[in-house]
Amino acid sequence: MMDFAAALYQDLPFPVLIVDAQACVLSCNDAAARVFARVAGHASAPGSPVIDDPAIADTLARHAAGGRENAHPFLFKVDRNAGLEATAHVIALPGETDGPRYALLLRSLLSGGSHGEQILLGQRIASALDTMEEGFAIFDRHERLVLFNRSYRERCGKAREAVRVGATFESIVRANVRAGMFPGIREGTPEAEAMVRERLASHRSAGSGGDVFSFGDDRWLRAESHVAETGDIVALRIDVTELKRTEAALEEKRREYFSLLQILPDMIVRFDRNLSILFANDSYAQHVGATADALIGACLRDVACAPEQTAALIDIAGYTPEQPVRTREICTQGADGQQDWMLWTAVATFDDDGVCEVVAVGRDITETKRQQARVEAQADELRRKNEALDQFTATVSHDLKAPLRHLSMFAEMISEDLHRGEFAELPHYADHVRKSAARMRRIIDSLLEYSQIAYRIAAPKPVDLSGVVHDALALLESHVQESGGTVEVADMPAVMGDRELLKRLAQNLIGNALKYRRPECAPVVRVYCRENEAGLDFVVEDEGIGIDPQHVDRIFEVFQRLHRNEAVYQGTGIGLALARRIAESHNGLITLDTTYGPGARFVVTFPQTAKPRGNDRGRPGEEDDRRR
């Protein structure tokens with residue numbers, strides 16, 4: 001009894017008396033001894049009657065049965081002569097071998113003198129504990145309940161009746177299991193025993209910070225244990241249901257945001273001031289050929305694509321609170337050899353030491369760039385078509401009007417002679433009408449051919465230039481024989497393009513070289529290729545009359561003839577315009593080499609070759625010439 005009494009009340013701050021059924025003191029704690037010693041002439045030593053009341057036995061038994069739930073504590077007079085009154089809770093003690101025993105927990109002690117007793121510390125503590133929302137209890141070193149507040153008992157829900165002074169912590173836990181306060185746990189199962197062991201271990205792990213567990217109907221409690229200097233265990237039960245619900249809601253939002261970041265087509269990467277990657281979504285991980293988990297902690301500089309172009313984005317020192325955002329368009333080469341474009345936007349956040357984190361978002365704008373290129377190409381083609389339309393309009397207004405004027409004039413002259421009955425000049429007039437009509441037909445055919453050549457080849461294929469030139473020479477065979485000229489053709493590679501258009505290009509250039517020859521000399525034409533930084537040059541040069549450099553801008557326009565006398569040099573003036581349009585349809589460029597002489601040298605530059613053929617791509621020599 002003495003060990004239990006010492007653990008139960010000896011060091012408590014409020015007075016406690018252990019009495020028998022007649023209210024005779026069996027023992028008291030230090031606080032009670034101090035209080036009663038202040039009342040003159042009153043003895044509180046063991047064996048002394050503390051209450052002078054003949055019905056004290058019934059009173060103690062009745063109030064002991066009410067326990068802590070009794071709304072009216074027991075009020076008694078300690079000593080009639082001293083005028084001392086006290087209120088106390090009465091608790092029946094176990095082990096009634098020598099008759100009933102009671103513990104009197106004094107709530108207040110008042111005297112009738114001018115020096116009335118103040119509210120005892122015990123009452124203050126009990127009242128204060130009952131106002132706490134957190135459950136509070138004190139267990140002795142034997143894990144028996146010594147003190148608890150209202151919230152602690154309420155936290156046990158259906159098992160609250162098990163919470164009483166002297167009950168062990170294990171009995172309270174088992175009562176909770178029996179009442180179904182642990183969701184999914186049934187009494188008598190291995191899970192129930194595991195739960196009891198878990199709660200006992202948590203109760204005994206004082207200072208561990210406690211643990212959180214599910215309890216009752218969708219409730220969560222946090223249990224903490226602290227050891228007092230006396231060896232008692234102070235237990236706290238804190239309802240953290242709202243906190244858990246908030247955490248669950250935040251976790252749900254986090255999962256939603258994380259899922260959103262993962263399904264976004266944009267690439268997202270977050271890194272700190274040391275360029276250590278803190279987060280990367282799957283899109284970014286796939287872009288750099290890794291997994292999102294493997295990138296965490298990696299240095300961004302080691303995994304970023306196009307480091308030269310992204311240097312400005314990962315330059316931490318370049319971000320300022322005034323300019324925390326940077327945007328860059330990054331161009332890389334994809335697996336298919338095509339250019340890939342990414343638009344990166346990076347936003348920095350700051351702390352007292354400067355930049356703490358940077359979030360960069362990359363968006364694939366390759367299709368946008370390609371669409372933009374297509375639009376620009378279409379705009380360029382539209383511009384070219386408008387220029388061609390302007391040239392066509394000028395041609396209609398000038399070149400087509402000339403033969404029409406001749407037709408009209410000679411038709412009127414024929415009509416007048418017929419009206420006068422003069423027929424001598426009619427054959428002459430009819431011949432002029434025929435020639436004007438033929439010229440008009442040639443002009444119309446040339447315009448039709450010019451208009452049918454597109455500015456872009458829909459499906460380019462590798463075309464052997466050597467074969468193209470020989471096909472063109474087959475069409476020009478009569479012109480070569482008539483002029484007595486020579487065409488030297490070197491071995492040439494293949495280019496990407498349209499075979500029929502390239503054949504027409506070669507035919508026009510070689511035909512011009514044969515046509516504009518010196519009267520006294522047989523024409524000599526050389527056809528060969530040479531490589532340069534821009535691509536491949538297709539060269540056609542001759543030793544003819546040449547072209548004055550001042551006309552270099554005119555010769556490629558429609559119907560721009562430098563030689564008006566068709567009796568000497570026949571043609572419509574559309575051959576070089578067709579050549580330029582064919583070259584541009586192959587993304588190429590045709591120029592006149594003004595440094596060459598005597599004669600003329602035309603150079604068609606193609607951007608790339610395909611399937612090179614042979615080792616000699618230079619100017620044809622005497623041993624490998626192929627003449628027609």
Side-chain angles (χ1 to χ4, degrees), residues 453 457 459-517 521-544 546-547 575-576 578-628:
I453 298 177
I457 304 302
K461 298 178 181 179
V463 178
D464 181 13
L465 286 178
S466 297
V468 164
V469 172
H470 292 307
D471 290 345
L473 289 176
L475 298 175
L476 295 169
E477 186 173 3
S478 61
H479 296 277
V480 176
Q481 292 176 355
E482 179 184 349
S483 65
T486 302
V487 180
E488 302 174 358
V489 183
D491 191 22
M492 290 177 288
V495 295
M496 299 298 294
D498 183 276
R499 186 178 186 85
E500 291 301 319
L501 291 180
L502 291 175
K503 181 173 67 175
R504 185 57 189 269
L505 172 67
Q507 181 181 347
N508 282 0
L509 294 179
I510 297 173
N512 275 357
L514 294 173
K515 181 194 305 183
Y516 298 103
R517 62 184 181 274
C521 301
V524 177
V525 182
R526 289 176 290 275
V527 184
Y528 59 92
C529 286
R530 65 190 182 192
E531 293 183 353
N532 58 36
E533 294 181 356
L536 180 72
D537 288 341
F538 174 71
V539 183
V540 178
E541 64 184 28
D542 59 60
E543 299 175 0
I547 300 175
L576 289 178
L578 284 171
R580 183 176 71 172
R581 192 156 188 175
I582 293 172
E584 290 175 347
S585 71
H586 288 73
N587 296 320
L589 177 68
I590 184 171
T591 57
L592 173 68
D593 187 354
T594 57
T595 64
Y596 176 80
R601 173 189 287 163
F602 287 93
V603 180
V604 181
T605 302
F606 295 102
Q608 61 182 358
T609 61
K611 299 181 180 179
R613 175 173 170 238
N615 296 323
D616 187 1
R617 301 179 189 171
R619 187 169 179 169
E622 295 181 355
E623 296 181 359
D624 58 357
D625 287 351
R626 303 178 67 180
R627 297 178 173 84
R628 299 295 299 264

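Computed from a predicted model, the values in this text were never measured in an experiment.
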- prompt: Taking only residues two or more places apart in sequence or in another chain, which ones pass side-chain contact (heavy atoms from CB on, under 4.5 Å) with L589?
  reply: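 side-chain contact (heavy atoms from CB on, under 4.5 Å) list for L589, sorted by chain: T591.
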Mind checking the [atom1]-[atom2] spacing from [X] to [Y]? Nearest 0.5 Å is all I need.
X	Y	atom1	atom2	result
L505	R581	CG	CZ	14.0 Å
D471	L476	CG	CG	11.0 Å
L536	M492	CG	CE	9.5 Å
I590	L576	CD1	CG	6.5 Å
K515	D542	NZ	CG	12.5 Å
I510	H479	CD1	NE2	12.0 Å

field: Close side-chain approach of E543 and P523, heavy atoms under 4.5 Å
entry: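 No; the side chains remain at least 4.5 Å from each other.
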- prompt: Does a side-chain heavy-atom distance below 4.5 Å link S585 with L501?
  reply: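 Sidechains of L501 and S585: in contact.
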query: Considering residues at least two apart in sequence or located in another chain, which fulfil the side-chain hydrogen bond (donor to acceptor under 3.5 Å, both in side chains) criterion with D537?
result: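 Once residues adjacent in sequence are excluded, the partners of D537 under the side-chain hydrogen bond (donor to acceptor under 3.5 Å, both in side chains) criterion are R530, N532, T605.
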field: Pairing residues for T595 by the side-chain hydrogen bond (donor to acceptor under 3.5 Å, both in side chains) criterion, not counting sequence neighbours
entry: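 For T595, the residues satisfying side-chain hydrogen bond (donor to acceptor under 3.5 Å, both in side chains) (neighbours in sequence not counted) are D593.
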What's the shortest heavy-atom distance between [X] and [Y], and which atoms?
X	Y	answer
A472	A506	CB-CB, 4.0 Å
A522	G484	CB-O, 3.4 Å
V525	A513	CG2-CB, 3.6 Å

query: Taking L502 as the fixed residue, which of V495, V604, D464 is the one that meets the side-chain contact (heavy atoms from CB on, under 4.5 Å) rule?
result: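 It is V495, the one option of V495, V604, D464 that forms the side-chain contact (heavy atoms from CB on, under 4.5 Å) with L502.
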Check ion pair E500-K503 (N to O, under 4.0 angstrom):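 K503 and E500: salt-bridged.
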message: Once you measure the plane-to-plane angle for H586 and F606, does it fall in the parallel (<30°), tilted (30-60°) or perpendicular (>60°) bin?
response: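 Plane angle over 60°, so perpendicular.
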- request: Decide side-chain contact (heavy atoms from CB on, under 4.5 Å) for F602 and L592; before the verdict, give the C-alpha distance in whole Å, the side-chain angles of both, and the deciding distance to 0.1 Å.
  value: CA-CA 5 Å; F602 287 93; L592 173 68; 4.0 Å; yes
query: Can you tell me if Y528 and E488 form a side-chain donor-acceptor pair at under 3.5 Å?
result: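 Looking only at side-chain atoms, E488 and Y528 do not form any donor-acceptor pair under 3.5 Å.
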